[in-house]
Amino acid sequence: MAGRFVPPAGADHPAASAAEPSPGRAGTAAPGAAAARLSGLDEIPWADLRHAYGSAEDVPVLLRALARPGEDPEREERLDDLDAAIYHQGGGVCSAGAAAVPFLVEIACTSGLPLRAGIVELIGRFTDLQNQMRDPWRSAPAAVACRAALVAGHDSLVRLLDDADTEVRTAAAALLWSYARWSPRAQDAAHAMADRDAVEPDLPLRVHLRLDGARAAAAARASGSPSAVPLTAAVRRLTEAPARDAAALGFARLVAQKRLDDASVTWRDLLDAALAPTTPHQAYRAWSEDGARLATALCGMCGEDLAAWLDITRVLIGHERPQVRTGALQAAGDAMRRWRSATSVLLPLIEGVLTDPEPENRTRAADLLATAGTTDPRLDDRLAATLDDPHRTTSVRAA
């Protein structure tokens with residue numbers, strides 16, 4: 001089939017790019033799911049290609065299984081097997097991975113097939129790998145072919161933003177922000193994301209359009225990529241968008257602004273927005289685990305600003321939610337590991353948690369005080385008193 005590639009004789013890597021598959025419009029209704037066509041699959045000399053476990057002759061079997069509609073109790077396991085074989089984190093692109101990408105795009109864009117969101121996430125890992133690789137891996141023929149296949153699939157991937165499945169749209173948005181960091185069509189991808197926000201009904205996805213977009217723009221700027229300009233412009237469109245769900249998106253807007261211009265947003269701005277009653281916790285990953293990740297998320301947004309870390313921890317260590325206090329203790333421990341000067345400030349705050357009504361928090365506090373190795377007699381006495389804590393794990397940690 002024209003556009004598919006064949007590896008050079010005796011070589012492990014394919015040398016030419018793959019053309020864009022031609023699936024139907026993603027997200028359109030169908031009376032019954034149809035199999036992805038996978039045209040040209042048998043024209044690839046899979047036995048001559050390699051993946052993490054050797055010969056890639058098993059790849060077409062796995063792709064066909066994923067492309068078939070209907071029930072398959074082993075479908076998820078097949079996707080896991082394919083993922084493990086053709087994607088290798090932190091390394092290069094194997095020849096089988098580059099050859100599989102166009103078919104994965106076709107399967108992902110075939111409406112009604114199961115596990116399409118997971119397949120989009122696998123494609124996204126190949127996309128993000130392009131941002132991580134350095135030469136000689138980045139210039140290897142398979143890596144070049146993989147990038148060409150992704151660019152060739154640009155229009156199909158962008159159409160996934162209109163898919164009927166929210167999980168597919170969410171995975172596609174994350175993929176496209178990563179793709180836009182290196183793609184020659186960065187401006188088109190970023191523009192599509194900003195346009196999608198105007199009609200997107202899912203609030204968590206709208207939140208992450210802003211957060212993932214700002215992260216991608218900041219990374220592009222840090223690496224000197226020319227995509228930084230269109231990415232930044234798209235994120236500014238999102239942060240300055242009309243007031244639909246303005247209150248619910250306020251925290252996301254401030255986080256995005258801080259990533260674009262650190263000095264424009266303070267730790268207090270972030271904290272107030274995160275704790276605002278109009279901020280829907282279910283829409284933000286920072287509020288996952290009932291708030292246990294909030295303190296570390298906010299501190300992470302403040303980079304190397306020790307004063308901000310201390311202030312955020314000071315506020316949240318007394319929060320009414322026990323899980324938020326748990327996260328504040330985690331942030332305190334992180335700060336103590338990063339900055340020696342943080343210990344003297346944080347130890348009195350941690351001491352107060354020894355009487356926390358939540359046993360897990362008392363345990364964490366005892367552990368931090370013990371590992372800090374304080375020579376303050378008053379704190380030593382407080383830790384010694386914890387030996388009588390009715391929660392055995394806490395008393396053991398103190399001991």
Side-chain angles (χ1 to χ4, degrees), residues 25-29 111 116-117 120 124 155 157-181 185-220 227-262 264-288 290-291 293-294 297-298 301:
R25 171 84 174 176
T28 54
S111 298
R116 289 192 303 127
V120 176
D155 292 337
L157 294 171
V158 167
R159 282 198 296 271
L160 290 174
L161 292 174
D162 296 328
D163 198 272
D165 188 329
T166 302
E167 291 185 358
V168 170
R169 296 198 306 276
T170 300
L175 179 158
L176 286 166
W177 280 126
S178 176
Y179 162 83
R181 285 178 53 190
R185 299 189 65 181
Q187 184 167 352
D188 295 338
H191 188 77
M193 232 91 68
D195 285 348
R196 179 65 210 175
D197 180 69
V199 296
E200 175 56 48
D202 186 67
L203 183 63
L205 176 49
R206 296 186 68 209
V207 165
H208 293 296
L209 281 172
R210 288 156 175 78
L211 301 187
D212 293 346
R215 188 178 294 110
S227 66
V229 173
L231 286 174
T232 300
V235 175
R236 293 210 183 280
R237 274 185 60 193
L238 291 168
T239 57
E240 298 166 5
R244 183 169 71 100
D245 300 320
L249 291 168
F251 182 30
R253 177 179 58 80
L254 287 173
V255 174
Q257 286 180 348
K258 187 168 183 64
R259 288 204 171 113
L260 295 181
D261 180 6
D262 183 68
S264 68
V265 177
T266 69
W267 71 268
R268 188 83 239 185
D269 296 329
L270 292 173
L271 183 63
D272 288 347
L275 298 179
T278 54
T279 296
H281 296 177
Q282 75 279 4
Y284 289 88
R285 292 184 190 130
W287 268 106
S288 61
D290 207 17
R293 295 180 57 186
L294 183 60
L298 290 171
M301 295 169 197

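The figures that follow rest on heavy atoms only: side chains count, while hydrogens, waters and symmetry mates do not.
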request  = Write down the atom of Pro230, the atom of Ala186, and the distance for their closest heavy-atom approach.
outcome  =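 For Pro230 and Ala186, the tightest heavy-atom pair comes out as CG-CB, 4.4 Å.
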message = Minimum heavy-atom separation for Arg206 and Asp197, please, with both atom names.
response =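 Closest heavy-atom pair between Arg206 and Asp197: NE-OD1, 2.9 Å.
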State, with a plain yes or no, whether a side-chain heavy atom of [X] is found less than 4.5 Å away from one of [Y].
| X | Y | answer |
| --- | --- | --- |
| Val235 | Met193 | no |
| His191 | Asp188 | no |
| Leu231 | Trp177 | yes |
| Arg169 | Leu161 | no |

query = Do Arg285 and Ser288 have side-chain N/O donor and acceptor atoms under 3.5 Å apart?
reply =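 Arg285 vs Ser288: no donor-acceptor pair found between side chains.
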Charged N-O contact under 4.0 Å between [X] and [Y]:
| X | Y | result |
| --- | --- | --- |
| Asp269 | Lys258 | no |
| Arg159 | Asp162 | no |
| Glu200 | Arg196 | yes |

message = Which label fits Trp287 and His281: parallel for a plane angle under 30°, tilted from 30 to 60°, or perpendicular past 60°?
response =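 Parallel, since the angle between the ring planes stays under 30°.
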ask   = Is a side-chain N or O of Tyr284 found less than 3.5 angstrom from the main chain of Pro204, in a donor-acceptor match?
value =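 Not a single qualifying donor-acceptor pair exists.
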task = Using modelled atom types only, decide if a donor and an acceptor are shared between the side chain of Arg210 and the backbone of Leu238 within a distance under 3.5 Å.
result =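 Such a contact is found between Arg210 side chain and Leu238 backbone.
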ask   = Between Arg268 and Asp272, does a salt bridge (charged side-chain N to carboxylate O under 4.0 Å, His left out) hold up when you go through it step by step?
value = CA-CA 6 Å; Arg268 188 83 239 185; Asp272 288 347; 3.2 Å; yes
query = Checking side chain to side chain contact (heavy atoms under 4.5 Å, CB included) against Val207, which of Asp245, Leu249, Thr279 comes through?
reply =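 Among the candidates, only Leu249 passes.
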